[in-house]
Enquirer: 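Input: one structure, supplied below.
In this chain, numbering begins with 1 at the start of the sequence shown.
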Amino acid sequence: MSETESTLDQTDITDYNDPNAPWNWAWDQEDGIAAWNDDVIKEFRQNAGKVGGAYADGDLILLTTTGARSGKRHTTPLGPLYRDGTMYVSSFSESKYPDWWYNIKANPQATIELRDKTYQATGKVLEGADYEEFAAWVLANNPLLADYQSKVDLPMPLVVLSLDGEG
């Protein structure tokens, strides 16, 4: 990881094409993002949800889903976003939706690790009128996602996450 990557303050990122944004970093073809995710997951679990680098001082969750095709459990670090009391996740995906989106669509039961707690949760892939209404709100209230959406044809993935036992 370069010094820029390790000291990046994500509040400085206002443009989707910012070369310092984690989603624009060059990934080693052999190890790729999976190895980077593994390191983030390990650090998250060792430090009660706190991580350094690109996600220092940010809110991060570990979303564990069941593979839509494989049936295997997969854990992905994501930055949760909130609309009032509703947690949602999205992703900068230019050509296809991320695996976690397909996994939630196939099996909405998930596990969320948030800070030092683990929750059972239910995910809902937003589609149709629900998607349109929520996406309009997201684009009006999240300049970074709005910038991203203006540059790609694929509609941004939106998944609402509800901790089981809560509204």
Enquirer: Quick check: does any side chain N or O of N107 sit under 3.5 Å from a backbone N or O of N103, one acting as donor and the other as acceptor?
Expert: no

Enquirer: Do you know the tightest heavy-atom contact between P80 and M87?
Expert: CB-CG, 3.9 Å

Enquirer: For the residue pair R83 and Y88, would you count it as a cation-pi contact if the rule is NZ or CZ under 6.0 angstrom from the ring centre and within 45 degrees of the ring axis?
Expert: no

Enquirer: Are any of the side-chain heavy atoms of K124 and L161 separated by less than 4.5 Å?
Expert: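 The answer is no; the side chains never approach within 4.5 Å.
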
Enquirer: To check you understand the geometry: which heavy-atom pair defines the closest contact between I104 and G123, and what is its length?
Expert: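 Closest heavy-atom pair between I104 and G123: CG2-C, 3.6 Å.
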
Enquirer: Could you check M156 against L158 for side-chain contact (heavy atoms from CB on, under 4.5 Å), going step by step and ending with a plain yes or no?
Expert: CA-CA 6 Å; M156 74 184 121; L158 288 173; 4.0 Å; yes

Enquirer: Which pair of heavy atoms, one from W100 and one from S91, lies closest together, and at what distance?
Expert: CZ2-CB, 3.7 Å

Enquirer: Got a salt bridge between K151 and D147, using NZ or NE/NH1/NH2 to carboxylate O under 4.0 Å?
Expert: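 Looking at D147 together with K151, the answer is yes, because their closest N to O distance falls below 4.0 Å.
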
Enquirer: Does L144 offer a backbone N or O that forms a donor-acceptor pair with the side chain of N142 under 3.5 Å?
Expert: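 Yes, N142 side chain to L144 backbone: donor-acceptor pair under 3.5 Å.
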
Enquirer: List the steps, then state whether side-chain contact (heavy atoms from CB on, under 4.5 Å) holds for R115 with K50.
Expert: CA-CA 7 Å; R115 296 177 198 94; K50 299 284 186 200; 5.8 Å; no

Enquirer: With heavy-atom distances below 4.5 Å as the criterion, would you say the side chains of V152 and F92 are in contact?
Expert: no

Enquirer: For E113 and L63, indicate whether the former's side chain and the latter's backbone hold a donor-acceptor pair under 3.5 Å.
Expert: no

Enquirer: Does a side-chain heavy-atom distance below 4.5 Å link L154 with E94?
Expert: no

Enquirer: Which atom pair, heavy atoms only, marks the closest approach of L60 to F44?
Expert: O-CE1, 3.3 Å

Enquirer: Between the side chain of E43 and the main-chain N/O of G52, is any donor-acceptor distance below 3.5 Å?
Expert: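 Side chain of E43 to backbone of G52: a pair is present.
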
Enquirer: Any non-hydrogen side-chain atom of L126 less than 4.5 Å from a side-chain atom of E133?
Expert: no

Enquirer: Does any non-hydrogen side-chain atom of Y82 lie less than 4.5 Å from one of D59?
Expert: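 A side-chain contact exists here, since the closest heavy-atom pair is under 4.5 Å.
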
Enquirer: Below 4.5 Å, heavy atoms only, C-beta onward: do Y148 and S90 meet side chain to side chain?
Expert: no

Enquirer: Do T64 and T75 have side-chain N/O donor and acceptor atoms under 3.5 Å apart?
Expert: yes

Enquirer: Just verifying a value: how many Å separate I61 CD1 and T111 OG1, rounded to the nearest 0.5 Å?
Expert: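 One gets 11.0 Å once the value is rounded to the nearest 0.5 Å.
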
Enquirer: Just do the side-chain contact (heavy atoms from CB on, under 4.5 Å) check on Q149 and L139 with the steps written out, would you?
Expert: CA-CA 8 Å; Q149 190 61 77; L139 295 174; 3.8 Å; yes

Enquirer: Quiz question: by atom type and distance under 3.5 Å, do the side chains of R73 and T66 form a donor-acceptor pair?
Expert: yes

Enquirer: Can you list the steps and then say if Y131 with V125 is a side-chain contact (heavy atoms from CB on, under 4.5 Å)?
Expert: CA-CA 8 Å; Y131 178 89; V125 170; over 6 Å; no

Enquirer: Where is the tightest heavy-atom contact between L114 and Y119, given as atom of each residue plus distance?
Expert: CB-CE1, 4.1 Å

Enquirer: Is the number of heavy atoms from other residues, nucleotides or ligands within 6.0 Å of NZ (K72) greater than 12?
Expert: no

Enquirer: Do T118 and I112 have side-chain heavy atoms sitting under 4.5 Å apart?
Expert: no

Enquirer: Which pair of heavy atoms, one from R45 and one from L62, lies closest together, and at what distance?
Expert: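 Residues R45 and L62, closest heavy atoms: NE-CD1, 3.7 Å.
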
Enquirer: Answer yes or no: is there a side-chain heavy-atom contact under 4.5 Å between D164 and Q109?
Expert: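 A side-chain contact under 4.5 Å exists here.
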
Enquirer: Strictly by modelled atom types, are T76 and N37 linked by a side-chain donor-acceptor pair under 3.5 Å?
Expert: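 Judged by distance alone, the side chains do not pair up.
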
